[in-house]
Amino acid sequence: SSSSSSSAPPQPHPLTFMSWNANGIGPRLNKNWPDIKAMIEREQPDLIALQEVRLPCKKGADRNRRRAVDQNDKDYSLVYNTIMQTPGYDLVFSLADKRNAGTAIMLKLSLKEQVKSVRFSLPRAATAGVAAGAAGAGAAGAAGAAAQQDEDDEESRIILMEFKDGFQVLNTYVPNHGCTSSSFARRATWDAQMLSFLRALPPSLPFVWLGDMNVSHLDHDVSDPAFFTKQKAPGADPNPPPDHRGQPGWTDIERRRFGE
């Protein structure tokens, strides 16, 4: 008799995940890289979502400049010689012009060939109506916006990775609610666009959302709910609407919207 051997089909998408708000990845790597490296080697997640990396992007007019760290930045050599050299992983950056916000995804090299596309903003077709409404434009404006090519989120808060089998991973660093009327409006627009995008997804689509949501949805998410409810940040509007009062991330309106 004869036997034939066949290799197992490749894993089609990530199955294990890790999410980390680095709050400035340079200082973390400088102080804790051996521990970070050991954790990655021990856990071996298929995908690591990073938020608030706080690295400036490459300067110039290159359309892909937000994918690369500015080589003149003080943390470039540190980042290059540590996390960018992590064995077995590919690293995708989405970086802002200044040392602010920024996200990244580390993906196992064995899954790189399974990636179909990577976006750095939500699809306009799913959010154009919300954006146009916020700007006071009509339906024609929404249609025109949807027809435009998707562009990077200007603060590089989004990475949307789609795999060939339809599986999608969204990594977000959601803007803070803040404590002024302008920051309230900014967060409301973000939440409305995100809700529009999520509702447009096919119900059967395999989808994972990771990141720093900048909201504590339930009482058990914080150590002292009563304390957070009474907090008032310096520079806050003196008389905010009742559902905007309290620690950003813990206001009634944020918790209610996140629950949707």
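Bear in mind that the values here come from a model prediction, so they are computed numbers and not experimental data. Only this structure's heavy atoms are used, side chains among them; waters, hydrogens and symmetry mates stay out.
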K.L.:
Does NZ or CZ of R157 come closer than 6.0 Å to the centre of the six-membered ring of F120, within 45° of the ring's axis?
P.N.:
no
K.L.:
Anything under 30° is parallel, anything over 60° is perpendicular, the rest tilted; go ahead and classify F184 against H177.
P.N.:
parallel
K.L.:
If only side-chain N and O atoms count, and only distance matters, is there a donor-acceptor pair under 3.5 Å linking N171 with Q51?
P.N.:
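Their side chains do contain a donor-acceptor pair, which is all the 3.5 Å distance test asks for.
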K.L.:
Is there a path of hydrophobic side-chain contacts, each under 4.5 Å between heavy atoms of I, L, V, M, F, W or Y residues, that connects L47 with M213?
P.N.:
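No, L47 and M213 fall in different hydrophobic clusters.
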K.L.:
Can R256 and D252 be counted as an ion pair, charged N to O under 4.0 angstrom?
P.N.:
no
K.L.:
Any chain of hydrophobic side-chain contacts (each under 4.5 Å) joining F207 to M194?
P.N.:
yes
K.L.:
Fit a plane to each ring of Y80 and Y76, take the angle between them on a 0 to 90° scale, and name the class: parallel (under 30°), tilted (30 to 60°) or perpendicular (over 60°).
P.N.:
parallel
K.L.:
Closer than 4.0 angstrom, basic N to acidic O: yes or no for D75 and R54?
P.N.:
no
K.L.:
Do R99 and D73 meet the salt-bridge criterion of a basic N to acidic O distance under 4.0 Å?
P.N.:
yes
K.L.:
What residues, two or more places apart in sequence or in another chain, satisfy side chain to side chain donor-acceptor pair (under 3.5 Å) together with N21?
P.N.:
E52, D212
K.L.:
Compare all side-chain heavy atoms of M18 with those of E43 and state whether any distance is below 4.5 angstrom.
P.N.:
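Counting from C-beta outward, M18 and E43 do come under 4.5 Å.
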K.L.:
Heavy atoms, side chains only, cut-off 4.5 Å: are V53 and T103 in contact?
P.N.:
no
K.L.:
F17, M106: one ILVMFWY side-chain cluster at the under-4.5 Å cut-off?
P.N.:
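No, it is not one cluster - the side chains of F17 and M106 are not joined through contacts under 4.5 Å.
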K.L.:
With side chains defined as the heavy atoms from C-beta onward, is the minimum distance between Y89 and K108 less than 4.5 Å?
P.N.:
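A side-chain contact under 4.5 Å exists here.
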K.L.:
Are L210 and L160 joined in one hydrophobic group, where the rule is that I, L, V, M, F, W and Y side chains link up if heavy atoms are under 4.5 Å apart?
P.N.:
no
K.L.:
Side chains of S156 and F93: does their closest heavy-atom pair fall under 4.5 Å?
P.N.:
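S156 does not reach F93 side chain to side chain.
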K.L.:
Determine, for K59 against D97, whether the closest basic-nitrogen to carboxylate-oxygen distance falls under 4.0 angstrom.
P.N.:
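Not counted as a salt bridge, because no side-chain N and carboxylate O are separated by less than 4.0 Å.
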K.L.:
Ignoring hydrogens and geometry beyond distance, is a side-chain donor-acceptor pair present between D46 and Q11 at under 3.5 Å?
P.N.:
yes
K.L.:
Is it true that, when you exclude K164 itself, more than 12 heavy atoms of the residues, nucleotides or ligands shown sit nearer than 6.0 Å to its NZ?
P.N.:
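Counting neighbours around NZ of K164, more than 12 heavy atoms of other residues, nucleotides or ligands fall under 6.0 Å, so yes.
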K.L.:
Nearest 0.5 Å, please: how far is OG in S121 from CZ in F197?
P.N.:
10.0 Å
K.L.:
Is it true that L122 and V92 fall in one hydrophobic cluster, defined by side-chain heavy atoms closer than 4.5 Å?
P.N.:
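Each belongs to a different hydrophobic cluster.
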K.L.:
When you compare the side chain of P10 with that of E113, does any pair of heavy atoms fall below 4.5 Å?
P.N.:
no
K.L.:
Should the pair R257-D191 be classified as a salt bridge under the 4.0 Å nitrogen-to-oxygen rule?
P.N.:
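Looking at D191 together with R257, the answer is yes, because their closest N to O distance falls below 4.0 Å.
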K.L.:
With a 4.5 Å limit on heavy-atom distance, are the side chains of N100 and E155 in contact?
P.N.:
yes
